[in-house]
K.L.:
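Just dropping this structure here.
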Amino acid sequence: MEIIYGVCSWGLGHATRSLPVIRKLIREKNTVTVISNGRSLELLKKELTDTAEYRDIPDYPMLVSENTRQFLAKSMVYWPVFIKKIEDGLSQLQKILDKKHYDCIISDARYDMYSKKLPSFFISHQMRIMNPLHITMFEHAMERFNMFFFKRYVAVIVPDYKEDNLSGDLSHNLKRIDESQINYVGVLSDFTKRSMKKDIDYLISISGPEPQRSMLEEKLVSQTADLEGNVVITLGKAEKYSITRKNNLTTYSFVSKELREDLLNKAKLVVSRSGYSTIMDVAVVGTKALFIPTPGQIEQEYLSQYHNKLGTFHSVSQDAIHLKSDVKIASKKTGYTRDCDVNKTVDNIIRIISDKT
């Protein structure tokens with residue numbers, strides 16, 4: 001089949017979780033054209049090399065706010081921009097479809113990747129979009145918004161389990177969307193759990209948009225001296241590769257996928273942002289975690305609260321982080337105890353696509 005695979009460029013999580021699906025499609029002799037933008041597109045090119053084709057089409061911006069008042073003000077101007085960006089993306093997609101025959105479209109969280117003439121599939125863990133005030137009326141309205149767009153797709157696929165789930169109310173306990181019409185396929189990650197010696201006491205992963213990334217780096221690096229044991233920090237700075245070692249601390253400016261997989265498998269505890277793809281990575285590898293949501297990213301803040309209540313992972317706000325005491329609390333949490341089979345998840349997705357194409 002000739003397949004278009006659109007990937008949302010909000011962070012790298014959508015790109016990394018798409019990789020095992022795209023690789024499987026390519027192994028099964030399908031031709032895949034990847035559509036994304038920015039760092040996500042660059043990562044996909046690096047990982048897939050010349051096994052796929054690529055198109056650079058920008059998607060819509062992320063709505064980020066530092067407080068509730070700012071969120072409400074930004075929302076007033078965001079949605080017209082959002083709709084305009086969708087129209088732009090659809091227009092560019094149509095130009096691609098006009099030049100070549102395709103059999104289906106798969107979209108990881110890009111509302112601008114679909115066609116009325118082709119079977120189109122939507123992958124997302126956000127059936128409900130949260131707001132900082134948790135106003136029920138707004139959340140129901142966002143469900144209806146999703147319902148409006150989901151009519152364009154022959155199947156909606158959620159990378160989570162229906163029971164014992166990771167995403168909470170983002171994709172469960174829905175009021176307007178019929179959950180029986182959603183395909184819960186299991187978790188997606190580009191990492192594999194491996195049997196390795198756990199010789200890293202704390203793996204601290206610093207990531208996210210600026211200026212919050214640098215603010216988190218300053219806060220955590222200043223507190224690592226209080227930690228006992230082997231500490232590894234990854235800074236998420238791809239501009240210049242460097243490794244520094246001082247006493248019990250090793251710092252990488254950035255790490256490759258292969259090295260990050262090794263570090264995750266060796267770590268007793270991970271300290272990182274609470275993006276959903278990161279949570280799935282940690283769940284697959286089976287390590288415990290301390291999560292620090294990016295300020296203003298409502299989804300991360302919700303997921304942090306959700307797992308705090310479940311007792312799976314400990315979370316704390318960026319302003320309140322006290323590393324020495326918080327890692328002790330995090331180490332006593334259960335972690336995600338369910339066995340996660342990513343290969344089975346990918347097979348579930350491929351089966352859905354095959355059945356409806």
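When a residue number appears, it is its place in the shown sequence, counting from 1.
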K.L.:
I'd like to know if the side chain of Asn248 pairs up with that of Tyr202 as donor and acceptor (distance under 3.5 Å, no hydrogens or angles considered).
P.N.:
no

K.L.:
Among residues at least two apart in sequence or on other chains, which ones pass ring-ring contact (aromatic ring centres under 6.0 Å, His included) with Phe149?
P.N.:
Tyr111, Phe145

K.L.:
Name all residues meeting the side-chain hydrogen bond (donor to acceptor under 3.5 Å, both in side chains) criterion together with Ser325; count only those two or more places apart in sequence or in a different chain, and write none if there are none.
P.N.:
His322

K.L.:
Using 0.5 Å steps for rounding, measure from the CG atom of Asp112 to the CG atom of Asp59.
P.N.:
6.5 Å

K.L.:
How far does OG1 of Thr337 sit from CG of Asp164, to the nearest 0.5 angstrom?
P.N.:
6.0 Å

K.L.:
Assess whether salt bridge (Lys or Arg N to Asp or Glu O under 4.0 Å) is satisfied between Arg213 and Glu217, documenting all intermediate values.
P.N.:
CA-CA 6 Å; Arg213 193 215 64 82; Glu217 177 184 347; 2.7 Å; yes

K.L.:
Through direct or indirect side-chain contacts below 4.5 angstrom among Ile, Leu, Val, Met, Phe, Trp and Tyr, which residues connect to Met215?
P.N.:
none

K.L.:
Could you work out, with side-chain hydrogen bond (donor to acceptor under 3.5 Å, both in side chains) as the rule, every residue matching Asn343, not counting sequence neighbours?
P.N.:
none

K.L.:
Could you walk me through whether Val232 and Thr251 pass the side chain to side chain contact (heavy atoms under 4.5 Å, CB included) test, one step at a time?
P.N.:
CA-CA 6 Å; Val232 173; Thr251 302; over 6 Å; no

K.L.:
Please name the pair of heavy atoms, one in Leu93 and one in Ile57, separated by the smallest distance, quoted to 0.1 Å.
P.N.:
N-CD1, 4.2 Å

K.L.:
When you check the gap from the basic side-chain N to the acidic O, do Arg128 and Glu299 get nearer than 4.0 Å?
P.N.:
no

K.L.:
Keeping Ser331 on the side-chain end and Lys328 on the backbone end, is there a donor-acceptor pair under 3.5 Å?
P.N.:
yes

K.L.:
Would you mind listing every side chain to side chain donor-acceptor pair (under 3.5 Å) that reaches into residues 17-27, with sequence neighbours excluded?
P.N.:
His14-Arg17, Arg17-Asp108, Arg17-His125, Ser18-Asp108, Arg23-Glu47, Arg23-Asp190, Lys24-Asp347

K.L.:
Spell out, yes or no, whether Met147 and Ile86 are grouped together once hydrophobic residues are joined by side-chain heavy atoms under 4.5 Å, including indirect joins.
P.N.:
yes

K.L.:
Please tabulate, for the side chains in residues 275-282, all donor-acceptor contacts under 3.5 angstrom to protein atoms that are two or more places apart in sequence or on a different chain.
P.N.:
{"unit_1": "Tyr276", "atom_1": "OH", "unit_2": "Pro159", "atom_2": "O", "d": "2.8"}
{"unit_1": "Ser277", "atom_1": "OG", "unit_2": "Gly13", "atom_2": "O", "d": "3.1"}
{"unit_1": "Asp281", "atom_1": "OD1", "unit_2": "Ser189", "atom_2": "OG", "d": "2.6"}

K.L.:
Would Asn37 and Asp56 count as a side-chain hydrogen bond (donor to acceptor under 3.5 Å, both in side chains) here? Give the steps.
P.N.:
CA-CA 5 Å; Asn37 182 243; Asp56 187 345; 2.7 Å; yes

K.L.:
Can I get a per-line list of side-chain donor-acceptor pairs under 3.5 Å for residues 262-270, giving both atom names and the distance, sequence neighbours left out?
P.N.:
{"unit_1": "Asp262", "atom_1": "OD1", "unit_2": "Arg194", "atom_2": "NH1", "d": "3.4"}
{"unit_1": "Asp262", "atom_1": "OD1", "unit_2": "Arg194", "atom_2": "NH2", "d": "2.4"}
{"unit_1": "Asn265", "atom_1": "OD1", "unit_2": "Arg194", "atom_2": "N", "d": "2.6"}
{"unit_1": "Asn265", "atom_1": "ND2", "unit_2": "Thr192", "atom_2": "O", "d": "3.0"}
{"unit_1": "Asn265", "atom_1": "ND2", "unit_2": "Glu261", "atom_2": "O", "d": "2.9"}
{"unit_1": "Lys268", "atom_1": "NZ", "unit_2": "Asp201", "atom_2": "OD1", "d": "3.1"}

K.L.:
About how many Å separate OG1 of Thr250 and OH of Tyr252, when rounded to the nearest 0.5 Å?
P.N.:
6.0 Å

K.L.:
What orientation do Phe313 and Phe291 show, parallel under 30°, tilted 30 to 60°, or perpendicular over 60°?
P.N.:
perpendicular

K.L.:
Identify whether the distance between the nearest side-chain nitrogen and carboxylate oxygen of Asp199 and Lys197 falls below 4.0 Å.
P.N.:
no

K.L.:
Start with the C-alpha gap between Tyr102 and Met1, add the side-chain angles, then the distance that decides, and say whether side chain to side chain contact (heavy atoms under 4.5 Å, CB included) holds.
P.N.:
CA-CA 7 Å; Tyr102 289 90; Met1 290 194 298; over 6 Å; no

K.L.:
Residues in salt bridge (Lys or Arg N to Asp or Glu O under 4.0 Å) with Lys162, at least two apart?
P.N.:
Glu179

K.L.:
Side chain to side chain donor-acceptor pair (under 3.5 Å) with Thr312: which of Arg338, Lys333, His307, Lys288?
P.N.:
His307

K.L.:
Asp339: what forms a side-chain hydrogen bond (donor to acceptor under 3.5 Å, both in side chains) with it, not counting sequence neighbours?
P.N.:
none

K.L.:
Output the distance between atom CD1 (Ile177) and atom CZ (Phe150), rounded to the nearest 0.5 Å.
P.N.:
5.0 Å

K.L.:
Measure from the side-chain N and O atoms of Glu2 to the backbone N and O of Val32, and report whether any donor-acceptor pair falls under 3.5 Å.
P.N.:
no

K.L.:
Checking Arg273 now: which residues fulfil salt bridge (Lys or Arg N to Asp or Glu O under 4.0 Å) with it, not counting sequence neighbours?
P.N.:
none

K.L.:
Can you list everything that forms a ring-ring contact (aromatic ring centres under 6.0 Å, His included) with Tyr114? Sequence neighbours excluded, please.
P.N.:
Tyr153

K.L.:
Establish, yes or no, whether a centroid distance under 6.0 Å links the rings of Tyr184 and His172.
P.N.:
yes

K.L.:
Apply ring-ring contact (aromatic ring centres under 6.0 Å, His included) to His314 and list each qualifying residue two or more places apart in sequence or on a separate chain.
P.N.:
none

